[in-house]
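Step one of this worksheet: look at the structure below.
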Number of protein chains: 2
Amino acid sequence: MTARPFSHLLERLRSAGLRPTRQRLALAKLLFEGGDRHITAEQLHGDALNHNIRVSLATVYNTLHQFTDAGLLREIVVDAGRSYFDTNTSDHHHFFFERSGKLEDIPGDTLTVSRVPQAPAGTNITRVDVVVRLTG
Amino acid sequence: MTARPFSHLLERLRSAGLRPTRQRLALAKLLFEGGDRHITAEQLHGDALNHNIRVSLATVYNTLHQFTDAGLLREIVVDAGRSYFDTNTSDHHHFFFERSGKLEDIPGDTLTVSRVPQAPAGTNITRVDVVVRLTG
DNA sequence: GTGATTGCAAATCTTTTGCACTAAA
DNA sequence: TTTAGTGCAAAAGATTTGCAATCAC
């Protein structure tokens with residue numbers, strides 16, 4: 001909810017090595033100034049259109065992946081054939097409501113994963129994802 | 001590796017309420033008599049063709065879902081736009097090799113998830129999935 | 001200007017569906 | 001028989017790609 005100056009987003013894109021184009025700035029505004037969000041490409045596209053931001057679905061996909069590569073977003077896979085993007089890139093886990101298809105952060109450091117096995121030879125652990133699946 | 005009699009599969013399908021058709025028996029044989037497997041529909045279809053089992057891809061999809069609903073398989077989602085099916089339905093977690101797209105069971109009770117939060121009101125926990133993502 | 005970015009439409013990939021045909025009980 | 005299961009081809013979604021037009025620097 002903190003109303004940061006628009007230039008903050010501009011800086012944020014620049015530091016990520018991404019040209020602050022009209023589309024990227026507009027999408028960044030939608031993504032990062034509305035609190036934590038779990039959003040699909042289709043949803044973000046609809047959201048953009050609702051705000052009179054003209055942007056193609058292809059660009060939304062490109063932008064989401066660029067933001068993810070730049071570490072501004074985190075991609076979450078819980079549902080075959082649908083990608084969610086999480087604006088919260090800190091270390092945390094998720095509830096997944098199977099019926100509605102909604103995702104929700106599991107607060108703070110409640111859940112803990114212990115005794116994570118060693119990465120097999122020649123590999124490194126990128127991330128440990130925990131999804132608590134819920135009926136309803 | 002235990003060479004069980006063919007009738008075992010027949011029984012297994014019957015108890016699951018599934019007619020033991022030629023296709024289902026053949027697919028069950030591929031799935032359950034080769035040790036633990038993590039397989040996609042496309043892979044199982046190719047596997048079947050290699051064994052001279054004529055079965056359509058649509059039937060492979062149907063069969064995988066029927067087996068999953070019957071509790072014979074477990075569906076795992078780690079990769080957007082691709083479903084894996086695990087012949088090991090016991091409680092366990094996975095390594096995911098991001099480069100090769102391979103899945104591997106994390107042995108036994110090594111990894112532990114503790115302090116799983118309560119399910120939100122009106123919901124129940126279906127399952128807790130842990131995926132350890134690896135480079136390589 | 002010049003190279004990065006965008007939009008559009010077409011292409012691709014995985015999965016599902018409709019329906020006539022076939023097989024199990 | 002009678003009903004479930006199968007194959008095929010078409011449909012449906014989600015995502016990606018090719019390329020000319022446009023924009024940021």
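Below, chain A is the first sequence line, B the second, and so on; all start at residue 1. For the numbers below, each heavy atom of this structure counts, side chains included, while hydrogens, waters and symmetry mates do not.
- Dashed line: the shortest gap from a side-chain N or O of B:T59 to OP1 or OP2 of D:dG7 is under 4.0 Å.
- In this structure, the OH atom of A:Y61 is 7 Å from the P atom of D:dT16, given to the nearest Å.
- Rounded to whole Å, atom P of D:dC23 lies 15 Å from atom CZ of A:R24.
- A sub-4.0 Å separation between OP1 or OP2 of D:dG7 and a side-chain N or O of B:S56 is present.
- Between the side chains of A:N88 and A:H38, not a single donor N or O lies within less than 3.5 Å of an accepting N or O.
- Rounding to whole angstrom units, CG of residue A:L27 and C1' of C:dT6 are separated by 12 Å.
- Taking NE2 of B:H51 as the start and NZ of B:K29 as the end, the distance is 9.0 Å to the nearest 0.5 Å.
- Between B:T126 and A:L134, the closest heavy-atom pair is OG1-C, 3.8 Å.
- Judged by closest nucleotide on DNA chain C, B:H65 is the one of B:R19 and B:H65 placed further toward the 5' end.
- The backbone N or O of B:R37 lies less than 3.5 Å from a partner atom in the side chain of B:T87, making a donor-acceptor pair.
- Note: CZ (B:R22) to P (D:dG7) measures 8 Å, nearest angstrom.
- Across the protein-nucleic acid pair, B:Q23 atom CD and C:dC21 atom P stand 18 Å apart, rounded to whole Å.
- Side-chain N/O atoms of A:S83 include one lying less than 4.0 angstrom from OP1 or OP2 on D:dT15.
- Counting to the nearest Å, the C1' atom of D:dT6 and the CG atom of B:L57 are 13 Å from each other.
- For C:dT6, the OP1/OP2 oxygens have a side-chain nitrogen or oxygen of A:T21 closer than 4.0 Å.
- Atom pair B:E42:CD and C:dT16:P shows a separation of 13 Å (rounding to whole Å applied).
- A:L13 has its CG atom 13 Å from the C1' atom of D:dA24, to the nearest Å.
- Taking only side-chain nitrogens and oxygens, A:R54 never comes nearer than 4.0 Å to OP1 or OP2 of C:dC8.
- The shortest distance between side-chain heavy atoms of A:R74 and A:D129 falls below 4.5 Å.
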